[in-house]
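Read the structure below first, then the notes.
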Amino acid sequence: MSSLANKHILLGVTGGIAAYKSADLIRRLQDLGAEVRVVMTAAAQEFITPLTLQALSGNPVHTTLLDPEAEAAMGHIQLARWADLVLVAPASADFMARLAQGKGDDLLTTVCLATAATLALAPAMNQGMWRNVSTQENLRLLQERNVRIFGPADGSQACGDIGPGRMLEPVQIAIAAASLFQPGSLAGRRVVITAGPTREAIDPVRYISNYSSGKMGYALAQAAVEAGAQTILISGPTHLPIPERATRIDVTSAQQMYDASLQQAAACDLFIGAAAVADYRPVTIAANKLKKTTNDSMTIELVKNPDIIAAVAALQPKPFTVGFAAESENLLAYARTKLQHKNLDLIIANNIATEGIGFDSDDNAVTLIDHNGEQALTQRSKQQLARDLISLLADRLPAQQ
Ligand code: C5P
């Protein structure tokens, strides 16, 4: 049952035809128990009057940053502190751009900069504007900063176009807002995630590794934290910042990742192997830098690394164990074989041969495969995909003992 009881929602309204729906949105938020205050941009007031939103919210509508009277009543910093959630609906392309740039050139952007509350946007714009690369880059930046994005929906638009960019219906936005306050789907759970590449030393200055950026594993760790899990990220070398409130254990080689994983996995509910573990390592690590010889070729003998996730899945009792299958051909068939051979509960298959997804890219598209069937998740940012995956995995976890 959705609830916003006792929650303070600061509703930001920006300039777009969907602003007429903000009136109904106030009602829907109030239906769930929220107290609503409204900030309107100058452009929003061209579409709907402050008086309408004032009458519905039962509070004066805030419109300017530099109005001494309004600032004396409740200034921008007080508004920022008052809010449990700043919800901008509709959020125009221009507003998203200004927010992404960190501008504080009107009351709404200033409140967004000042607030410690969660920030959520319900974008609404013409489909061409939504698809525009600048808007998409701004969207990605905002998502990376943990701004929640509700929608947009796909369908017919006020301008006559058909496509993505319609604002979600007010009732959907209100429910999405309420879901931000529900206890996380992984509350009380312990999640261990491996991420990034491993490095297999050849000598003191050389190693064998791969192009994994670690982005998917880090995004999963962030999403697990957001879902309330105690999150341990066992990471090979990456350049990524530690996800907030996750514990990171740094490792370099597959053997170190194996040792850390088995130590941590014994007491966890969910183990996700997102690391790109080197399959082989040199049999010996030379104590000194190998010197060039007169030979035109050289041979390094390799030995197989232990399979970390298979070892975790062999534990008794075992955590719910989720692997990745990054493949460039026969994706689903290879993934299914790995699911069986490694005794996993679920495998996430992604095609690294598809341009724009996988390994070092910011987006990914995957297929979830378990022993009952398959579910495809289309291309989206790794952050969004991680949240969607965590929510799907939380639903599949066995009930807590
Ligand atoms: O066998 P393959 O490397 O394709 O399997 C990929 C999955 O197995 C990933 O989840 C990866 O993190 C995990 N893996 C592992 N230890 C290895 C090799 C792969 O945990 N040595």
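Every number for a ligand or one of its atoms is a count from 1 in the order of the listing. Residues take their numbers from the sequence shown, with the count starting at 1. Keep in mind the model is a prediction, meaning the values are calculated, not measured.
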State the atoms of ligand 1, each with its element, that fall below the 4.0 Å cut-off from a heavy-atom position in [X].
{"X": "Ala275", "result": "11 (C), 12 (O)"}
{"X": "Gly323", "result": "10 (O)"}
{"X": "Ile309", "result": "8 (O), 10 (O), 13 (C), 15 (C), 20 (O)"}

Could you say whether the N/O atoms of [X] and ligand 1 ever approach to under 3.5 Å?
{"X": "Phe324", "value": "yes"}
{"X": "Val322", "value": "no"}
{"X": "Val277", "value": "no"}
{"X": "Lys342", "value": "yes"}

(message) In this structure, does ligand 1 have an atom that sits under 4.0 Å from one of the heavy atoms of Met257?
(response) no
(request) Compute the minimum heavy-atom distance from Ala326 to ligand 1 and say whether it is under 4.0 Å. (result) no
(message) Looking at His371, I want to see if its NE2 is surrounded by more than 12 non-hydrogen atoms of other residues, nucleotides or ligands under 6.0 Å.
(response) yes
(message) Restricting to side-chain contact (heavy atoms from CB on, under 4.5 Å), what partner residues turn up for Asp105, sequence neighbours left out?
(response)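 Asp105: side-chain contact (heavy atoms from CB on, under 4.5 Å) contacts with Arg98, Lys103, Thr109.
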(request) Name the option, out of Gln255, His341, Lys338, Arg281, that contains the heavy atom nearest to atom 4 (O) of ligand 1. (result)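 It is Lys338 whose heavy atom sits nearest to atom 4 (O) of ligand 1.
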(message) Test your reading of the model: is there a side-chain donor-acceptor pair from Asn295 to the backbone of Ser297, 3.5 Å cut-off?
(response) no
(request) Would you confirm whether Thr49, through its side chain, and Gln45, through its main-chain N or O, come within 3.5 Å as a donor-acceptor pair? (result) no
(request) Check the pair Tyr207, Ser253 against side-chain hydrogen bond (donor to acceptor under 3.5 Å, both in side chains), reporting the backbone distance first and the verdict last. (result) CA-CA 10 Å; Tyr207 56 81; Ser253 66; over 6 Å; no
(request) Taking all non-hydrogen atoms of both residues into account, name the closest pair between Ala224 and Val191 and its distance. (result)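 Shortest heavy-atom contact: CB-CG1, 4.4 Å.
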(request) Verify side-chain hydrogen bond (donor to acceptor under 3.5 Å, both in side chains) between Gln136 and Asn132, making sure each step is shown before the conclusion. (result) CA-CA 6 Å; Gln136 290 300 309; Asn132 184 284; over 6 Å; no
